[in-house]
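To find a chain, count down the sequence lines: A is the first, B the second, and so on, and within it residues start at 1. Fair warning: this is a prediction, and the values are worked out from it, not measured in the lab.
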Amino acid sequence: MSSEYLVLDVETIVNDNRFGSAIDPRNQLALACWKIDGKWKAKWGSEFEQQELVDDIRRAKFLVFHHGKYEYGWLSRIGVDTSQLLGFDTMLAEYVLLGNLVSGDTESGVRPTSISLDACCQRRGYRPKDPIVDTWMANGIKVSEMPKKWVLDRCIQDVRTTEQLFLDQRRQLHDSNRLGCLYTRCILTPLLAEIEKEGCHLDKNRVEEVYNEYSDRFTSLTKEFARATGGINWRSSKQVAKYLYDDLQFEELRDRSGEPKRTPSGGRQTNAKALEKLKAITEAQKEFLALKKQLSKIGSAISKNLDYFKDVCESHNGTFHAEFNQSITATHRLSSTGIAVETATKGSKSCQLTNIPRNFKRLFSARRDGWLIGEVDGAQLEFRVAAFLGNDKQARADIADREFDAHCVTASAMYEVPYTELRNAYLAGDKVASDRRQSAKPETFKPLYGGSKGTPAQERWYEAFKRRYPDLAAVQLGWVYEVLEKKYLTTPWGMRYYWPNIRMASSGYVNNASAIYNYPIQALATAEIIPIAITYLWHIVRAEGLDEVIVPINTVHDSLVCEIHPDYAADFRRIATEAFGLCVLRYLSVVYGLDFDVPLGAGIKIGEHWSEGTEERYECLKGNIERVK
DNA sequence: TCAAGATGCGCG
DNA sequence: AAAGCGCGCATCTTGA
């Protein structure tokens with residue numbers, strides 16, 4: 001709430017055909033404009049000529065900027081320790097104020113809300129950006145090719161409107177008890193900027209090996225598929241549907257009323273899940289399903305990852321970069337966008353960091369010779385958060401019971417076998433029990449977020465889930481009633497999520513119910529707790545002077561991945577468990593007033609490649625951290 | 001030829 | 001009548 005802030009905006013010479021992020025060494029800092037103590041300052045110059053800015057930043061209590069990850073990136077390149085800089089990001093403030101409304105609502109046709117500086121200001125009736133400079137920038141004209149005065153005026157104008165916007169947002173967030181949420185978003189930002197700069201590194205030998213294996217497989221599968229089908233394009237859902245349902249005469253899947261299940265716009269389904277359920281009788285039918293399944297898997301692995309990975313290894317020293325988007329998702333977790341690279345033969349390709357196939361994590365190694373990859377993740381995080389939010393006795397008991405096996409509970413309901421019988425058989429290596437547990441896995445958490453329809457076996461489990469966790473079910477239903485009444489939900493930590501078009505049908509069905517069941521749980525787990533945990537981890541590492549030996553390189557919803565010097569693996573374990581346990585509890589208590597009284601767990605893997613090495617599990621309970629065997 | 005829409009599939 | 005949630009990227013289809 002202090003008035004000792006510094007408002008900052010920078011302009012850059014963009015040489016990456018994108019937005020001039022500090023990640024790309026070809027981009028250059030061109031101009032910084034800032035305001036401190038009511039004084040306006042501007043400095044033309046590169047990252048080596050910004051001493052006055054650095055000095056002023058040191059005097060300020062916090063920074064104000066729009067999309068501060070950009071400025072953090074440049075400040076880091078200037079040489080500033082960005083972990084010591086607190087920011088108020090007006091883009092994130094607008095994001096918090098909008099809650100989930102930022103992404104719009106396709107069902108009711110609500111368009112996404114822009115949170116660009118210009119859009120934020122226009123909504124409030126402030127002066128808009130200069131349209132000419134804006135058009136130039138949007139079309140790749142470099143600021144070094146524009147009249148200096150025009151660029152300067154624009155930069156100063158941005159500082160002015162950013163401050164205006166900040167003051168308005170700060171009041172709104174304060175009055176609605178959401179400053180804490182903004183704080184959580186803002187303290188994560190400099191870490192994200194560091195991760196983006198670091199990049200991810202691939203093991204050339206392993207990539208080559210897997211690439212060759214997949215290519216060979218792909219070549220032979222493509223041939224077989226062409227022979228079997230007479231040459232349809234397996235990637236075309238239209239051609240596949242025609243072949244499946246017209247030529248091979250498969251029966252379409254039907255719902256209970258006998259209507260065929262179709263894609264949203266009425267096409268016949270060809271996705272893996274639907275194909276899995278089709279009943280193949282003839283040899284031709286069986287062969288087609290088997291071929292299509294393998295071809296889709298291999299084909300997508302090649303076109304979405306391996307082509308790109310191979311090029312990264314051959315032409316970019318095995319390192320590639322992606323960005324984190326901090327203001328895209330409805331629940332406020334992160335998303336990621338790959339930075340496209342022109343490959344030698346496959347055109348422009350990119351890879352984001354949150355959906356890398358689990359099988360390919362083993363292709364990632366440390367960029368630094370001889371270093372290790374360490375990963376820490378929040379154990380059963382969403383379920384534990386659900387137990388906390390639902391204050392559910394049974395869920396708490398299940399979490400406390402270290403022998404508890406959720407998937408066996410699912411299988412027990414689906415296959416009508418007593419839990420202990422199934423579990424013992426599974427532990428004894430019984431094939432049937434193991435298969436049942438495996439096939440039950442995807443169903444385990446579906447009812448947590450309102451899943452209710454399916455086969456009789458599935459529906460038996462969904463009902464059993466509701467009976468097993470009645471307190472949670474009641475709390476979730478309470479959320480739905482709250483939204484029906486107020487059109488928005490206020491979470492226990494202050495975040496608000498909005499459903500302006502919620503309605504209840506005469507049947508009692510509520511259109512947004514499953515989203516309402518999900519948001520608080522997904523959000524507390526992956527938009528609050530994990531950001532808090534990884535921010536703490538980063539700060540402890542720096543406070544202990546270990547930032548040269550423990551380097552974050554990725555984060556995926558419930559985890560953080562670091563490169564680690566082999567002598568510091570034990571430090572990583574110690575710091576990670578503390579950050580994911582005690583630090584989170586303390587922060588939730590101090591910033592949000594939440595007494596999070598369900599144990600938090602962390603799983604840690606360290607190895608020469610990502611996701612390799614045996615996992616060590618830790619539990620944090622009542623102020624203690626304990627290693628779990 | 002291009003952009004937008006549709007579909008499928010990877011992750012947590 | 002039916003109904004887990006949240007994303008981004010590659011490819012094909014469609015329509016101008």
### Message
By the side-chain hydrogen bond (donor to acceptor under 3.5 Å, both in side chains) test, which pairs, at least two apart or in different chains, include something from residues 251-266 of chain A?
### Response
A/E252-A/R262, A/D255-A/S257, A/R256-A/E459

### Message
According to side-chain hydrogen bond (donor to acceptor under 3.5 Å, both in side chains), does anything in residues 521-535 of chain A pair up with another residue at least two apart or in another chain? List the pairs.
### Response
A/R185-A/E528, A/T331-A/Q522, A/R333-A/Q522, A/R333-A/T526, A/W493-A/E528, A/N518-A/Q522, A/E528-A/Y592

### Query
Do the side chains of A/L334 and A/L192 get nearer than 4.5 Å, heavy atoms only?
yes

### Message
For A/Y536 and A/Y587, take the angle between the two ring planes, folded into 0 to 90°, and tell me which bin it lands in: parallel under 30, tilted 30 to 60, perpendicular over 60.
### Response
perpendicular

## Note on the structure
So the contacted stretch of DNA chain B, first to last nucleotide with an atom under 4.0 Å from a non-hydrogen atom of chain A, runs from B/dA6 to B/dG12

### Task
Determine whether the aromatic ring centres of A/F388 and A/F383 lie less than 6.0 Å apart.
no

### Message
Need one value for A/K361: base, sugar-phosphate or nothing, where a base atom within 4.0 Å counts as base even if backbone is also close, heavy atoms only.
### Response
sugar-phosphate

### Task
Output all residues satisfying ring-ring contact (aromatic ring centres under 6.0 Å, His included) with A/F360, sequence neighbours left out; order by chain, then residue number.
A/Y214

### Task
Nearest 0.5 Å please: distance from the CD1 atom of A/I604 over to the CG atom of A/D377.
9.0 Å

### Task
Using the criterion of both pairing distances under 3.5 Å for Watson-Crick and G-U wobble pairs, give all stems of 3 or more consecutive pairs involving DNA chain B.
B:1-12 with C:5-16

### Message
Taking any heavy-atom pair under 4.0 Å as a contact, classify A/N325: base, sugar-phosphate, or nothing.
### Response
sugar-phosphate

Under 3.5 Å, which donor-acceptor pairs link side chains of residues 338-345 of chain A to any protein atom two or more places apart or in another chain?
residue : atom : partner : partner atom : Å
A/T343  : OG1  : A/K346  : N            : 3.0
A/T343  : OG1  : A/G347  : N            : 3.1
A/T343  : OG1  : A/G347  : O            : 2.6

### Query
Which is it for A/Y243 and A/W234 under the ring-ring contact (aromatic ring centres under 6.0 Å, His included) test, yes or no, and what are the steps along the way?
CA-CA 10 Å; A/Y243 191 77; A/W234 63 274; over 10 Å; no

## Note on the structure
Closest to the 5' end of DNA chain C, once A/E459 and A/I328 are matched to their nearest nucleotides, is A/E459

### Query
Do A/K292's NZ or CZ and the ring of A/F288 fall within the cation-pi criteria of under 6.0 Å and 45°?
no

#### Entry: Aromatic ring proximity, centroids under 6.0 angstrom, A/F320 and A/Y308
yes

### Touch class at under 4.0 angstrom, heavy-atom based, for A/S350 against every strand present
sugar-phosphate

### Task
Check the surroundings of atom CZ in A/F404: do more than 12 heavy atoms from other residues, nucleotides or ligands lie under 6.0 Å from it?
yes

### Task
Fit a plane to each ring of A/Y497 and A/H332, take the angle between them on a 0 to 90° scale, and name the class: parallel (under 30°), tilted (30 to 60°) or perpendicular (over 60°).
perpendicular

### Query
Residues in ring-ring contact (aromatic ring centres under 6.0 Å, His included) with A/W538, at least two apart?
none

### Summary
Ranking A/A515 and A/A505 by the position along DNA chain C of their nearest nucleotide, the one closer to 5' is A/A505

### Query
Would you say the ring centroid of A/F225 lies under 6.0 angstrom from that of A/F218?
no

### Task
Calculate, to the nearest 0.5 Å, the distance between atoms CG and OG belonging to A/L98 and A/S114 respectively.
10.0 Å

### Message
Could you report the tightest heavy-atom contact between A/C200 and A/N554, atom names first, then the distance?
### Response
SG-CB, 4.4 Å

### Task
Select base, sugar-phosphate, or nothing to describe what A/Y519 touches, counting heavy atoms under 4.0 Å on all strands.
sugar-phosphate

### Query
Centroid-to-centroid, A/F465 to A/Y469, below 6.0 Å?
yes

### Range on DNA chain C touched by chain A, heavy atoms, distance below 4.0 Å
C/dA1 to C/dT14

#### Entry: Minimum heavy-atom distance A/M414-A/W461, with the two atoms named
CG-CB, 3.7 Å

#### Entry: Non-hydrogen side-chain atoms of A/S350 and A/T337 separated by less than 4.5 Å
no

### Proximity to DNA chain B (any heavy atom under 4.0 Å), residues of residues 264-277 of chain A only
A/P264, A/S265, A/G267, A/Q269, A/T270, A/N271, A/A272

### Task
Mind running a 4.0 Å heavy-atom check of residues 473-483 of chain A against DNA chain C and sending the residues that fall below it, in number order?
none

### Query
In residues 228-247 of chain A, which residues come under 4.0 Å of DNA chain C by heavy atom?
A/N233, A/R235, A/S236, A/K238, A/Q239

### Task
May I ask you to list the residues of residues 520-535 of chain A, by number, that have any heavy atom positioned under 4.0 Å from an atom of DNA chain C?
A/Q522

